[in-house]
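A short write-up of the structure that comes next.
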Amino acid sequence: MSEELRTAAAWLAEGRKVALATVIQTWGSAPRPAGSQIVVRDDGAFLGSVSGGCVEGAVIEAALSTIADTKNRELEFGVTDAEAWNVGLACGGRIRIFVEPVEE
Amino acid sequence: MKRATLDALTRESAAPRIRALDRASGEERLIDPFSDETPLGLAARAAARADTSGEIEIDGRTWFLEVHNPPLELVLVGAVHIAQPLAKMARLAGYAVRVIDPRAAFATEARFPGVRLHQGWPDEILAAFPLGSRSALVVLAHDPKIDDPALEAALASPAFYVGALGSKKTHAARLERLSARGFDPATLARIRGPVGLAIGARSPAEIALSILAQMTQTLRT
């Protein structure tokens, strides 16, 4: 059982709201494989990783939006993105991330 | 993720579980990969065996199979000096660590904080807590009375890694004893001895590193 999911359960038990971000697909040399997860709490605290730290900030931001509106989101990051200068993968890979609320 | 799915995935389990997610419809299923004979169940079984999450298309639907395997386990036989850094490093790498040693002075909480300690004989402990396909076992005691019964139990199990500390000479003598006990050469070849990758390790921490590196190589390649 993953530390991320255990933490999600603990946060929910404390009455917090939680979102989960999961690497769905990777292309090229991505830092973390599909299935890697971050769990994000409503105050921005998080555990886990979906990249080597390159895109976590943007993923956490999306997770907070998902906590607010309970809508799923999909994110894609890669060096070919227009926003590569601020958020992207230095390794040259590409990843797709699925962000979802964890229902209470 | 549904709360019921989260609860199921965070329950202790010795079996793998798979969350199948159809992102287009939002449907989520929890799959027992060893009883589900549908195409999705068979795909989940393959994903669990490969320990690899990923997308698969079945009947025009795309499912993301999220693999939740039971934790990796490392059993150390002999609560000796090398076992201390190896237990710490293996925990960092995601292994649940157990240490077995019948000698009371060795398997102590002070020497192995946070590690599950079994003060007893390996054959009895391993009969009560059998090794699985995500288990690794390393014997470190340098004492055939302790090491050999552990190796016999490991060779009879599906453990993915079996290692034995000791020089080439020690290891040759060990193989002879086990051979006399009826183990064939192919089975004995499962034992990594001298244990660890050849990186010129000297200190206990370096030897632990070479062992963990070899375990990783065996698991992932």
Side-chain angles (χ1 to χ4, degrees), chain A residues 1-28 30-41 46-51 62-63 66-67 69-76 93-104, chain B residues 1-31 33 43-44 46-57 62-73 91-96 114 134 216 219-221:
Chain A
M1 150 204 6
S2 82
E3 194 62 38
E4 289 78 23
L5 293 187
R6 208 174 6 217
T7 301
W11 285 344
L12 286 173
E14 289 166 10
R16 309 301 297 251
K17 291 191 188 322
V18 173
L20 191 64
T22 306
V23 177
I24 295 288
Q25 216 176 350
T26 68
W27 299 264
R32 300 291 322 272
S36 303
Q37 292 180 317
I38 298 188
V39 55
V40 180
R41 194 168 69 183
F46 71 99
L47 187 82
S49 69
V50 290
S51 76
T66 285
I67 288 174
D69 65 11
T70 71
K71 285 196 171 66
N72 297 337
R73 281 173 169 72
E74 272 192 38
L75 308 169
E76 205 175 306
R94 209 146 59 87
I95 55 176
R96 180 177 297 154
I97 292 170
F98 181 65
V99 184
E100 64 192 310
V102 182
E103 292 172 17
E104 286 154 78
Chain B
M1 181 179 282
K2 293 194 178 69
R3 185 60 200 262
T5 306
L6 178 69
D7 289 344
L9 291 176
T10 50
R11 226 169 279 138
E12 292 270 346
S13 167
R17 280 147 319 172
I18 316 292
R19 176 171 75 131
L21 183 67
D22 175 0
R23 285 174 294 131
S25 70
E27 185 182 347
E28 173 179 286
R29 291 188 202 168
L30 195 62
I31 296 177
R49 288 230 168 99
D51 196 17
T52 304
S53 300
E55 282 186 323
I56 184 147
E57 204 179 303
T62 303
W63 294 91
F64 177 66
L65 299 177
E66 187 181 292
V67 176
H68 294 270
N69 265 322
L72 293 161
E73 173 190 59
R91 286 181 69 194
L92 287 176
Y95 288 80
R134 287 174 60 79
T216 308
L219 179 70
R220 302 294 184 197
T221 63

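Within every chain, numbering begins at 1; the chains are lettered A, B, ... in the order of the sequence lines, protein sequences first and strands thereafter. Given the structure is predicted, the values throughout are model-derived calculations rather than measurements.
- Heavy-atom distances place no part of B/Leu65 under 4.5 Å from chain A, backbone and side chain included.
- Around CZ of A/Phe46, the count of heavy atoms belonging to other residues, nucleotides or ligands within 6.0 Å does not exceed 12.
- Screening A/Ile24, A/Val23, A/Thr22 against B/Glu66 for a side chain to side chain contact (heavy atoms under 4.5 Å, CB included) leaves a single residue, A/Thr22.
- When heavy atoms are compared at a cutoff of 4.5 Å, A/Pro33 does not approach chain B at all.
- Residue B/Leu6 forms a side chain to side chain contact (heavy atoms under 4.5 Å, CB included) with just one option from A/Val102, A/Leu20, A/Val18, A/Val39, and that option is A/Val102.
- Of the atoms belonging to A/Ser36, not a single heavy atom falls under 4.5 Å from chain B.
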As a quick check of understanding, evaluate side-chain contact (heavy atoms from CB on, under 4.5 Å) for B/Glu28 and A/Glu100, giving each step before the final call. CA-CA 12 Å; B/Glu28 173 179 286; A/Glu100 64 192 310; 4.1 Å; yes
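- Contacts of B/Glu55 classified as salt bridge (charged side-chain N to carboxylate O under 4.0 Å, His left out), with partners at least two apart in sequence or in another chain: B/Arg23.
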Could you list the donor-acceptor pairs under 3.5 angstrom formed by side chains in residues 7-15 of chain A, with sequence neighbours left out?
| residue | atom | partner | partner atom | Å |
| --- | --- | --- | --- | --- |
| A/Thr7 | OG1 | A/Glu3 | O | 2.8 |

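- Across A/Gly35 and B/Phe64, no two heavy atoms sit closer than the pair N-CZ, 3.8 Å.
- With contacts defined as side-chain heavy-atom distances shorter than 4.5 Å, the pair B/Met1/A/Leu5 qualifies.
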